[in-house]
Amino acid sequence: MKYFCLIIAVALIVVTACKTTSSNKTSDKMNADKVGFRKPVQSQRTAAQFTKSKYAVDLNMLDAPTNMPLHKRKDALIIKLSSPYKSWRQCIAQNPKINYFLVTPGDYRKWGDFRPPSSGTLQQMKVLMYYNPETASPYSPPHPVQLKTLKKEVVIERFRFHEISNWVMHGITFRGNQTERRGKWGGLYNSFEEEANNNVLNYCLIEQVVTGNGIRISNSHNNTIQNCVIRDKIEGFTSDNIGITISATQGRVSRGNKVVDNEIYDVTDGVQLLYMEKKGRNAPTTGEVPGTIIDNNDLYITKRLYTYKDGEEKACAEDGVDIKVGTKSSLASDKVRVTNNRIWGFRTTDTSCSGSSHGSGIVIHRNASNILIENNVMFDVSRGISIGPGTSKQFPNEKVTDITVINNIFYNINDKSDNSGYALVSYMDARFEHNTIKKAKFYLGTGNTISGLFANNLILDCPQPPFKVHRNARTFKGNYWVVDRYTKHIEDSKAEQQNRVVLTSRYSVQGDYVFYRKRWTKPERIIIPDIL
């Protein structure tokens with residue numbers, strides 16, 4: 001039972017993990033859908049459904065005290081479409097003492113990019129925020145996803161911060177329409193670049209980017225993207241259109257940037273820690289991204305990006321999180337953390353319409369180092385996590401090191417195209433502990449000469465026999481396999497190093513794992529049955 005206590009700790013990922021009554025289990029199982037889930041239950045939109053990331057920035061500065069509403073402050077300016085400005089730059093430059101720019105609903109794309117000419121301070125940040133005096137809560141609008149339906153958005157072409165710091169953008173839709181690419185009109189990427197530090201993008205919608213990525217963070221520090229929706233690649237099914245990229249050029253770092261509490265979907269990769277390089281691909285110019293945090297997000301693709309060829313289901317997309325670079329620093333504070341996320345829907349890439357990938361929830365390669373993957377749920381993907389290689393003949397100066405994968409849930413790792421169905425694939429030393437794997441074709445794939453640790457994991461309903469990996473490749477201890485029947489291979493292997501193999505009939509089910517997804521667009525309740 002000690003092992004189950006460790007597994008139950010995974011429940012910290014989301015707002016609720018619970019056991020259902022036997023009567024509820026019976027009725028729910030009768031409604032199981034074809035991927036193994038019980039049908040999602042449409043839930044009421046309440047704050048209690050979703051946890052808030054502990055890394056989120058507290059924006060109490062946006063609250064409107066009753067004794068001094070924001071719009072009555074001396075350092076506040078109400079902006080309307082009829083305001084006498086031709087650009088955002090002009091508006092801000094002509095109002096240097098203004099800290100609160102309160103923008104009423106309208107389409108401001110004719111004003112061009114939001115590219116402020118001056119910074120705020122840590123003590124007094126500058127704020128661009130939605131403001132609708134026609135409502136009872138003028139400072140607290142619905143999410144821009146809902147404002148779009150209500151036709152009450154504040155729409156801006158895009159934002160660009162270059163050496164500009166200490167701004168908050170809140171409640172804004174960034175949807176460009178001034179750029180044409182391959183016959184489609186939309187916007188260019190949004191960015192924090194070259195010492196654009198300590199900025200917060202909160203409660204915003206980014207969509208319709210036709211070239212580049214939704215957001216680029218480069219050579220900049222401590223920026224936070226939270227409570228946002230980033231979605232819908234429309235560049236055409238021929239090249240990358242990533243939700244968020246974080247990178248640094250050679251000899252530099254982008255430190256402490258955070259992506260938390262967002263919904264990022266139908267893009268090539270949800271978040272990518274980008275390896276910078278010159279043309280020619282083996283001329284690296286990359287820096288490091290210490291202290292990056294990717295926490296408590298929904299990262300997924302829908303059937304909109306699926307393709308079907310020769311009986312295989314593939315996608316014009318790649319991975320949920322693509323980690324190509326980390327940090328050589330061994331400091332705990334510099335560790336790259338991917339934690340508490342829900343990742344689903346990814347398939348092996350259709351190379352005719354996107355890049356190349358096995359459709360992993362998370363892929364770790366190139367020059368990634370000092371990476372922690374913890375408390376995530378990956379389900380309905382072609383692979384769970386792919387790691388490596390540790391070194392590469394093609395890129396001999398690159399190395400993947402210090403990778404820890406702990407306390408994650410992998411469920412329904414599908415086998416809908418070649419070389420899929422692996423919960424974990426590793427071609428280098430890595431640490432896998434206290435993970436739960438259910439309904440995968442393979443729990444682990446490794447190279448021939450790889451060492452590392454695979455310990456205290458629970459494996460349920462996987463056709464791959466226990467220990468059926470390279471026996472000298474990895475240290476196995478304290479794992480718990482649940483199988484339908486014993487085979488000669490299992491009998492011959494014997495349970496070394498305190499591993500256990502039990503029959504399904506002897507496995508005591510503790511309960512179901514319940515969580516919520518689609519935080520901002522359409523909250524849904526999901527149950528992974530009989531896993532705790």
Side-chain angles (χ1 to χ4, degrees), residues 3-4 7-8 10-11 13-14 17 19-20 25 28-40 300-301 312-313 315 320 341-348 358-362 373 375-386 405 407-425 432 434-445 454 456-469 479-485 487 490 500-515 517 524-532:
Y3 178 78
F4 288 116
I7 294 300
I8 291 172
V10 180
I13 302 172
V14 291
K19 299 177 184 179
T20 56
K25 284 185 178 181
D28 280 339
K29 285 179 178 177
M30 292 175 65
N31 291 321
D33 70 18
K34 62 183 178 182
V35 300
F37 287 106
R38 296 150 195 197
K39 289 186 177 180
Y300 64 100
I301 64 171
E312 294 185 345
E313 183 178 81
N341 301 286
R342 297 153 297 279
I343 305 174
W344 73 93
F346 291 90
R347 300 288 186 266
T348 300
H358 293 295
S360 299
I362 300 172
I373 311 296
N375 289 349
N376 302 282
V377 182
M378 280 159 272
F379 57 99
D380 189 25
V381 292
S382 290
R383 278 193 183 182
I385 297 177
S386 297
V405 178
N407 218 40
N408 302 280
I409 289 179
F410 303 87
Y411 178 70
N412 190 35
I413 311 303
N414 68 61
D415 184 30
K416 297 191 176 182
S417 64
D418 291 341
N419 207 19
S420 65
Y422 285 88
L424 300 165
V425 174
F432 301 104
H434 303 300
N435 299 289
T436 299
I437 301 168
K438 182 175 183 180
K439 294 184 74 66
K441 185 175 181 180
F442 306 99
Y443 60 85
L444 179 65
F454 188 82
N456 303 310
N457 300 287
L458 172 64
I459 301 100
L460 300 154
D461 197 10
C462 293
Q464 182 186 22
F467 315 110
K468 191 64 174 177
V469 293
N479 300 294
Y480 197 100
W481 279 271
V482 180
V483 299
D484 289 332
R485 63 188 181 86
T487 66
I490 294 173
R500 291 193 63 193
V501 181
V502 301
L503 291 172
T504 304
S505 60
R506 297 179 182 176
Y507 173 63
S508 177
V509 174
Q510 301 297 297
D512 301 331
Y513 183 60
V514 180
F515 62 97
R517 66 177 182 181
E524 293 177 341
R525 180 172 178 258
I526 298 294
I527 301 173
I528 299 179
D530 304 333
I531 198 168
L532 297 179

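Positions are given from 1, in the same order as the sequence printed here. Because only heavy atoms are used, hydrogens play no part in the values below, and waters and symmetry mates are left out as well, while side chains stay in.
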I'd like to check [X] versus [Y] (side-chain heavy atoms, cut-off strictly below 4.5 Å). Are they in contact?
{"X": "Ser382", "Y": "Arg347", "value": "yes"}
{"X": "Tyr443", "Y": "Leu424", "value": "no"}
{"X": "Tyr507", "Y": "Leu458", "value": "yes"}
{"X": "Leu503", "Y": "Val483", "value": "yes"}
{"X": "Arg525", "Y": "Val514", "value": "yes"}
{"X": "Pro466", "Y": "Ile459", "value": "no"}
{"X": "Ile437", "Y": "Leu460", "value": "no"}
{"X": "Val377", "Y": "Tyr513", "value": "yes"}

### Query
For Tyr300, what residues pass the ring-ring contact (aromatic ring centres under 6.0 Å, His included) criterion, not counting sequence neighbours?
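With sequence neighbours excluded, Tyr300 shows a ring-ring contact (aromatic ring centres under 6.0 Å, His included) to Tyr265, Trp344, given in chain and number order.
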### Task
Begin from the C-alpha positions of Lys441 and Ile413 and carry the test side-chain contact (heavy atoms from CB on, under 4.5 Å) through to its verdict.
CA-CA 7 Å; Lys441 185 175 181 180; Ile413 311 303; over 6 Å; no
### Task
Taking the six-membered ring for Trp and the single ring otherwise, decide whether the centroids of Phe410 and Tyr422 are under 6.0 Å apart.
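They do not qualify: ring centres at least 6.0 Å apart.
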Answer yes or no: is there a donor N or O on one side and an acceptor on the other, between the side chain of [X] and the main chain of [Y], under 3.5 Å?
{"X": "Lys438", "Y": "Ile528", "result": "no"}
{"X": "Asn412", "Y": "Val381", "result": "no"}
{"X": "Gln464", "Y": "Leu444", "result": "yes"}

#### Entry: Reported OG1-to-CD1 distance for the pair Thr436 and Ile409, which is rounded to 0.5 angstrom
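Between atom OG1 of Thr436 and atom CD1 of Ile409 there are 5.5 Å.
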### Message
What I want to find out is whether Lys439 reaches Asp380 closely enough, with some N-O distance under 4.0 Å, to be called a salt bridge.
### Response
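No, no charged N to carboxylate O under 4.0 Å.
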#### Entry: Donor-acceptor side-chain pairing of Thr348 and Ser420 below 3.5 angstrom
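No.
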